[in-house]
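The structure appears right after this line, and notes come after that.
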There are 2 protein chains.
Amino acid sequence: MPADDPASKRPRSQPTMADVAEKAGVSAMTVSRALKKGASISEEARRRILAAVDELGYVLDQTAGTLSSKRSGFVAALIPSINNSNFSDTARGLTEAIEASGLQLLLGYTDYVVEKEERLIASMLQRRPEGIVVTGGRHTERARRLLAAAAIPVIETWDLPAEPIDHVVGFSNAAAMRALVHHLHGRGYRRIGFIGGTSNRDTRGEDRRQGYVQAVEELGLPHGRTISFGQPPISMEQGAEAIVRLVSQWPDIDAAICVSDLSAFGALMECHRRGWAVPGRIAIAGFGDFEVGRCAFPRITTVAVDAEAIGRSAGDLLLRAIEAARRGAAVPPERQVMPFRLIQRESS
Amino acid sequence: MPADDPASKRPRSQPTMADVAEKAGVSAMTVSRALKKGASISEEARRRILAAVDELGYVLDQTAGTLSSKRSGFVAALIPSINNSNFSDTARGLTEAIEASGLQLLLGYTDYVVEKEERLIASMLQRRPEGIVVTGGRHTERARRLLAAAAIPVIETWDLPAEPIDHVVGFSNAAAMRALVHHLHGRGYRRIGFIGGTSNRDTRGEDRRQGYVQAVEELGLPHGRTISFGQPPISMEQGAEAIVRLVSQWPDIDAAICVSDLSAFGALMECHRRGWAVPGRIAIAGFGDFEVGRCAFPRITTVAVDAEAIGRSAGDLLLRAIEAARRGAAVPPERQVMPFRLIQRESS
DNA sequence: CTGTTAGCGCCTTCAC
DNA sequence: GTGAAGGCGCTAACAG
């Protein structure tokens, strides 16, 4: 055990508010006030306190503050993947919406697996967030129970669940995909295939597939032209492999819709490689308006959702709900439907 | 006195350990033990406690636990961007390395801005992480002071700072870029340009540019052929714009190196669009081995770094250091140099 | 504007 | 294997 400063009572731990208070010649409470924004403190005391803080290298312990004030000062957001510009845009929107109020965002990622989501929710709740944003409308039973019991505002995003837990800020993935099929049909495509992942791990991907199926049925197009493989979210590489399977299985196919722009891009590059003209031989469309699709040659037709706006709206709503909760009030569950937008580009 | 007054049931608030204890007919201490893994509890008591937990919907308050045990159970990691597969791979490696020990990872993103990093560090430290991982070796002076004073293990990654704060797990961006220039030179390219961002906001990008400059000078190649524009990290779209500028400014150019695969991809697509053969008219190379480069047509020559391994190594080191700290010991500063690897592909 | 008192909910420590 | 006492560092609620 290392020798300690004999003057200090505690062994080598971090300085506390009491240490600062002593050094500044005030009480701990005054230090506490000096370190918040809206408190009334004499300039003289504040100056001495800040000097003491600086000298001691004091860092406020929010853990203790949370315990005593019952305000953790953070909200949790769970997204499927941190490496997906859609979700990172939503996270940015969230951050922008809440940061002015002093709340912090804690991100967790679920890898598109609801069981991981459940575990993350459980461990996030142990840190007592003041609100929580989840992606999608499907969760394990226990996750739903945990969220409902937590007595904090919950927002489900990127989906329109039939039985929401609390608030919703999203859109219908099925409806958006349906619109895309109709759009391609309007441009004359009749033998339209779909490329997606195998399992329903990615629930939004599964909803999109269902939207596709519904659309080809209502348009009387040949259906069942679906290539499903790979663990969602399917990658660019898997998109490349899938387009080859799709064309070899149904050689008369004239358009391929991919569950996201990433797989659409992989498919597109594979077409280049094989000398299949896009859209001459086959049209390609994706979903999500990723940069890679905007930039690819040819540029990829897609469905755009304003991911950052989802985040901002969710953040604004969360803020209102949290402030209401702090006053002991409550905001009744809201359901905000965000628009989506077809973007016709060179690939179709 | 905390004499259990059955009449004074707090209505609004979440159940506490005392509530669980009362329902299970044990003391709070026994509940606490039942909820940890390595404690010795009778099977009977544990069963009753878990039933009570379930019935009440009790969720452990880690805030209080942290305060009393002085173990927050989490480590902070700061990355420049959440939407970058390199950094998200590092984050995944970190998570994998630490999760078995029960530690959680809290991610923050700095947008490549050291001032944001400083603010994030300050707010993370208020929550008392047991360790912290930062990206890069350049920080504000105050950030360095905060980290040094926090008395927790610090790991700088993705760089080899000359004066590390504590531990380092990284590589030299300049050396890697230098190797890429030499590689292209070895394949016969002589008029090699560089595309990067304007400011030194992205310090790794700046290091790469310096590596390029150093290499062209030592090879006696024409230099100054650098296009710098856009706020780093420069995007695919900016790569497209930059390649046009590069070619119009130095029409004899035979190779373009981009600060990352993303801008290289944008440049490549623009070449397609303009009918410039790659690598016939101009070779293109990137940095980072992103999926878009592996999948593009043609596939993009690049420098690969095992980003996930950086995360795993940093995580392993952090664990050792944290466990040492819990025993009152310390791990002397380590400096782990990770390998990089040239990947020759179709674009050069 | 500033100080005092009394916890927040859990875990450490020590006794049984 | 279990319980009682005490305190972690801070802030709410009241004085003054």
Side-chain angles (χ1 to χ4, degrees), chain A residues 8-49 53 56 58-73 102 125-128 130 326-328, chain B residues 1-5 8-10 12-22 24-49 53 56 58-73 102 125-128 130 326 328:
Chain A
S8 92
K9 317 194 165 182
R10 271 177 298 283
R12 53 196 290 102
S13 73
Q14 299 288 94
T16 72
M17 227 172 224
D19 298 325
V20 176
E22 186 182 348
K23 185 157 217 119
V26 293
S27 74
M29 203 49 232
T30 305
V31 176
S32 175
R33 290 183 179 117
L35 265 31
K36 324 204 77 169
K37 48 178 182 178
S40 40
I41 291 283
S42 72
E43 263 321 305
E44 168 56 14
R46 159 170 281 126
R47 202 193 46 67
R48 286 209 317 274
I49 288 167
V53 163
L56 293 171
Y58 171 72
V59 175
L60 185 69
D61 188 336
Q62 239 184 97
T63 293
T66 296
L67 185 60
S68 149
S69 71
K70 303 182 150 289
R71 290 188 188 184
S72 64
L125 289 180
Q126 297 194 156
R127 301 188 188 278
R128 299 290 190 262
E130 300 193 52
R326 286 175 173 175
R327 291 191 315 267
Chain B
M1 275 303 280
D4 284 337
D5 184 351
S8 77
K9 259 200 162 161
R10 296 178 206 86
R12 243 170 259 287
S13 120
Q14 299 287 94
T16 73
M17 228 173 225
D19 298 324
V20 176
E22 184 182 348
V26 294
S27 74
M29 209 39 242
T30 305
V31 176
S32 175
R33 289 183 181 116
L35 265 30
K36 324 202 79 168
K37 47 179 183 182
S40 42
I41 291 284
S42 72
E43 265 319 306
E44 168 57 14
R46 161 172 279 127
R47 202 194 46 69
R48 285 210 316 275
I49 288 167
V53 164
L56 294 171
Y58 172 71
V59 176
L60 185 71
D61 188 335
Q62 238 185 97
T63 292
T66 296
L67 185 60
S68 92
S69 71
K70 302 182 153 286
R71 289 188 188 185
S72 64
L125 290 180
Q126 298 195 153
R127 300 187 188 277
R128 297 293 190 260
E130 299 194 50
R326 286 176 173 177

Rounded distance in Å - [atom1] ([X]) to [atom2] ([N]):
X	N	atom1	atom2	value
A:Gln14	D:dC10	CD	P	11 Å
A:Asp61	D:dT11	CG	P	9 Å
A:Arg71	D:dA12	CZ	P	7 Å
A:Glu22	C:dT2	CD	C1'	18 Å
A:Arg128	C:dC10	CZ	P	7 Å
A:Glu43	C:dT2	CD	P	10 Å
A:Leu67	D:dG7	CG	P	16 Å
B:Ile49	D:dG3	CD1	C1'	12 Å

If you look at every strand shown and take non-hydrogen atoms under 4.0 Å, does [X] touch a base, only sugar-phosphate, or nothing?
X	result
B:Met17	sugar-phosphate
B:Ile41	sugar-phosphate
B:Ala28	nothing

Please confirm whether the shortest side-chain N or O distance from [X] to OP1 or OP2 of [N] is below 4.0 Å.
X	N	value
B:Ser42	D:dG1	no
B:Ser68	C:dT12	no
B:Ser32	C:dC10	no
B:Ser27	D:dG3	yes
B:Ser40	D:dG1	yes
B:Lys70	C:dT12	no

Let me know, please, whether A:Thr63 or B:Arg33 comes out on the 5' side of the other along DNA chain D by nearest nucleotide.
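Looking at the nearest nucleotide for each, B:Arg33 comes out on the 5' side.
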Side chain of B:Met29 (C-beta onward), nearest among C:dT13, C:dT2, C:dG9:
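Nucleotide nearest to B:Met29's side chain: C:dT13.
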Measure from the side chain of A:Ala45, starting at C-beta and using heavy atoms only, and say which of D:dC8, D:dC10, C:dT2 lies closest.
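Within the option list, the nearest is C:dT2.
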With a 4.5 Å limit on heavy-atom distance, are the side chains of [X] and [Y] in contact?
X	Y	answer
B:Thr63	B:Leu67	no
A:Leu56	A:Val20	yes
A:Ser32	A:Met17	yes

Ion pair present between A:Arg47 and A:Glu43, side-chain N to carboxylate O less than 4.0 angstrom?
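Salt bridge flag = no for A:Glu43 with A:Arg47.
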A:Ser68 side chain to A:Ala64 main-chain N or O, any donor-acceptor pair under 3.5 Å?
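Such a contact is absent between A:Ser68 side chain and A:Ala64 backbone.
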